[in-house]
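Here the structure comes first, spelled out in structure tokens, and everything after it is commentary.
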There are 2 protein chains.
Amino acid sequence: MQGQHAEWVMELWRDPPLSVMGRFRCPLCEASEEGQMTSPASKKQPRSRDPERTKAQLTESAMREFADHGFHGARVDRITRSVGCNPRLLYHYFGSKEKLYVSVIEYIFEDIRAQERELELSRLEPLAAMRRLVEFTYDFFDSNPLFVKVLRNENLLEGRFIVETEVVRISSQPLIDAISRIIARGLAQGVFRHGYDALQIYITIVALSAHHLNNGHTLTAIFGVDLLSPEWRSKRRAHAVSLVLNALTGGESQQG
Amino acid sequence: MQGQHAEWVMELWRDPPLSVMGRFRCPLCEASEEGQMTSPASKKQPRSRDPERTKAQLTESAMREFADHGFHGARVDRITRSVGCNPRLLYHYFGSKEKLYVSVIEYIFEDIRAQERELELSRLEPLAAMRRLVEFTYDFFDSNPLFVKVLRNENLLEGRFIVETEVVRISSQPLIDAISRIIARGLAQGVFRHGYDALQIYITIVALSAHHLNNGHTLTAIFGVDLLSPEWRSKRRAHAVSLVLNALTGGESQQG
DNA sequence: TGGTTAAGTAAGTATTTTATGAATTAGCCG
DNA sequence: CGGCTAATTCATAAAATACTTACTTAACCA
């Protein structure tokens, strides 16, 4: 849904030259404004009172807005308008654009934590566990574009807000420990011929899974192949699995 | 120099709470403003006339500004002030913030093209060639943070400007072809036991080299290990080389 | 030397955008 | 019902920001 929107806007954008004149007008922004303008019901009936719903809608809308435009590019006005509520409400519930952004980050991290807990890698054989980990990681990023985009922007801001939250720090060590144990078991059983540092391996898996998503547009422009197409992504999934497993099981030179 | 600045600002930023009140003030922005305020010489002597120098200074300053804040976060005012010239000059030479941004992208790509041409992979043995390619790619990203940052922002904008330039499309296919030949030679000689698609391998190399740079701040917050420290980066370099070479040379299962 | 061109300056303006003060009214509980 | 709380609206402040109009003056060349 989001991808379709992006492609459609790109299409609109490609033909006319950069901008005719005057102040910069972001075509993505204007398009999304118009797109949302029709949906939020008719104008004048007052909004029914439901603070939980309002807060949730604002968070959801803000997530999309920050994902699509980054912190600086995001407009509070667009957020409230897409919800259909008065701009004042945003400040009533969140205090500032900044605090809204932080709450979006926290909101987004609740998802991944829940999903990660369901992995249960210790019951599988080393090779199968590793395969599952790569597939899970790949699929998570592949199917959570908003997560990917919000994190990209947070890195643009040099992680200024994520260090404040405390929500993210918990429960990442268990995953690294689990990977350590898989590698140790694999080495002991002889199915793995190379030991790698667990954190390095995990970052590698994340890199293989997410880099083409983070950099899809420039890579596509550079190589002339659409790295964001479903076809390429499914090939990428197989490649990631294959590469990691081959690296662990194979070869005779090099250490890790 | 840039990294130091970032760390210093982060240090300032960590203690006081998000913002006291009022409109959002970006601490990085204010710091860099103050930092630059002292340098651009005394106020009132008129600027000596040198269009080339002025244009070059503006491009350079804009590159840093766009890298540090993204397109929307960048301020034309800061760019001209850090150069020490009148804001009108930016429009005199570039026309708009938007066109300035495009010219920065083109400027940045001239570097990498020049460096890539010096690779000369075909003379090396497959294993050595592959090692050199990984090391070169890693080192390029590692030592060109502005390139990395500008591209990250361009992806946030969904590659809206890079598709316009035409500068980037040339001479990327030769690299992919060279990689194809290396892999073919390696398979023929028996040093490689797995054939991979050249584009997949190259994206993989880029991913292993750049993902921790692109996502260093969030990953650092999540895992509590500074992935941007020199120590971690040098370990990362070895890991990337080892992983790719092991994947190519080793194992008996899986294809590519 | 004098005149043309363009580099640079001074001082804005129009617009956008975040944020607020204060009034209004819905909903809940006794 | 009546009154209290807080959800919502209205109108607007206040400041930033991209961009401009109108001008000055240095540099270059016939």
Side-chain angles (χ1 to χ4, degrees), chain A residues 18-26 29-30 33 40-58 61-62 65-66 69-102, chain B residues 18-27 29-30 32-33 40-58 61-62 65-66 69-102:
Chain A
L18 285 177
S19 92
V20 200
M21 61 164 304
R23 196 189 176 113
F24 174 73
R25 319 253 58 235
C26 173
C29 309
E30 302 201 329
E33 256 179 287
S42 52
K43 289 279 170 185
K44 277 305 161 192
Q45 57 188 342
R47 184 182 179 76
S48 70
R49 305 201 167 190
D50 184 343
E52 291 314 310
R53 184 202 53 177
T54 302
K55 260 188 283 188
Q57 284 180 336
L58 280 172
S61 173
E65 179 74 13
F66 286 126
H69 308 290
F71 180 81
H72 289 289
R75 298 285 168 253
V76 294
D77 177 57
R78 268 201 303 263
I79 293 170
T80 57
R81 207 173 329 164
S82 104
V83 169
C85 77
N86 192 289
R88 191 70 183 78
L89 289 181
L90 192 151
Y91 294 93
H92 184 249
Y93 288 116
F94 295 94
S96 70
K97 181 184 183 183
E98 197 177 322
K99 288 184 192 145
L100 175 64
Y101 178 81
V102 171
Chain B
L18 284 177
S19 90
V20 199
M21 60 164 304
R23 198 189 175 111
F24 173 73
R25 321 253 57 236
C26 172
C29 309
E30 302 202 329
S32 63
E33 254 179 288
S42 52
K43 291 277 169 184
K44 277 304 162 191
Q45 56 188 344
R47 182 182 182 78
S48 70
R49 303 201 170 192
D50 185 343
E52 291 314 310
R53 184 202 53 175
T54 301
K55 259 189 284 188
Q57 284 180 337
L58 280 172
S61 173
E65 180 74 12
F66 285 127
H69 308 288
F71 179 81
H72 290 288
R75 298 287 169 249
V76 293
D77 177 56
R78 269 201 303 261
I79 293 171
T80 57
R81 206 174 328 166
S82 105
V83 169
C85 76
N86 192 290
R88 190 67 184 81
L89 289 180
L90 192 151
Y91 294 93
H92 185 247
Y93 288 116
F94 296 94
S96 69
K97 181 184 182 182
E98 196 177 322
K99 288 184 192 144
L100 176 64
Y101 179 81
V102 171

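Given the structure is predicted, the values throughout are model-derived calculations rather than measurements. Chain naming here is simple, since letters A, B, ... match the order of the sequence lines and numbering starts at 1 in each.
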For nucleotides 3-7 of chain D, print each protein N/O atom paired with a nucleotide N/O atom at under 3.5 Å, atom names and distance only.
unit_1	atom_1	unit_2	atom_2	d
D/dA7	O5'	A/Y93	OH	3.1
D/dA7	N3	A/R49	NH1	3.0
D/dA7	N3	A/R49	NH2	3.1

Inset, instruction - Give a yes/no on whether any side-chain N or O of A/R75 is located under 4.0 angstrom from OP1 or OP2 of C/dT18. - result: yes
Legend entry - Nucleotide C/dT20, atom P - distance to NZ of A/K97 in whole Å: 14 Å
Inset, instruction - Please state whether the phosphate of C/dT20, meaning OP1 or OP2, lies under 4.0 angstrom from any side-chain nitrogen or oxygen of A/Y91. - result: no
Legend entry - Atom pair NE2/NZ of B/H72 and B/K97 - distance to nearest 0.5 Å: 7.5 Å
Inset, instruction - Quickly work out the B/R47 CZ to D/dT24 C1' distance and round it to whole Å. - result: 17 Å
Inset, instruction - Quickly work out the B/H72 NE2 to C/dT18 P distance and round it to whole Å. - result: 12 Å
Legend entry - All side-chain contact (heavy atoms from CB on, under 4.5 Å) counterparts of A/F94, not counting sequence neighbours: A/K55, A/L58, A/T59, A/L100, A/S103
Inset, instruction - Carefully, step by step, assess B/R47 and B/T54 under the rule side chain to side chain contact (heavy atoms under 4.5 Å, CB included). - result: CA-CA 10 Å; B/R47 182 182 182 78; B/T54 301; 3.3 Å; yes
Legend entry - Set of residues satisfying side-chain contact (heavy atoms from CB on, under 4.5 Å) with respect to B/S61, sequence neighbours excluded: B/I79, B/S82, B/V83
Legend entry - Atom-to-atom span, CG of B/N86 to P of D/dT20 - whole angstrom: 14 Å
Inset, instruction - Could you say whether B/R88 or A/R88 is positioned toward the 5' end of DNA chain D, judged by the nucleotide with the nearest heavy atom to each? - result: A/R88
Inset, instruction - With sequence neighbours left out, write down each residue that passes side chain to side chain donor-acceptor pair (under 3.5 Å) with B/T80, or none if nothing qualifies. - result: none
Inset, instruction - In whole angstrom, give the distance that lies between atom CZ of A/R81 and atom P of C/dT16. - result: 11 Å
Inset, instruction - Figure out the CZ/P separation between A/F94 and C/dT18, and round it to whole Å. - result: 16 Å
Legend entry - Residues in side chain to side chain donor-acceptor pair (under 3.5 Å) contact with B/R75, at least two apart in sequence or another chain: none
Legend entry - Whole angstrom value for the distance that separates C1' of C/dA26 from CZ of A/R53: 13 Å
Legend entry - Whole-Å distance separating the CD1 atom of A/I79 from the P atom of C/dT16: 18 Å
Legend entry - Under the side chain to side chain donor-acceptor pair (under 3.5 Å) test, residues paired with B/R53 that sit two or more places apart: B/S48
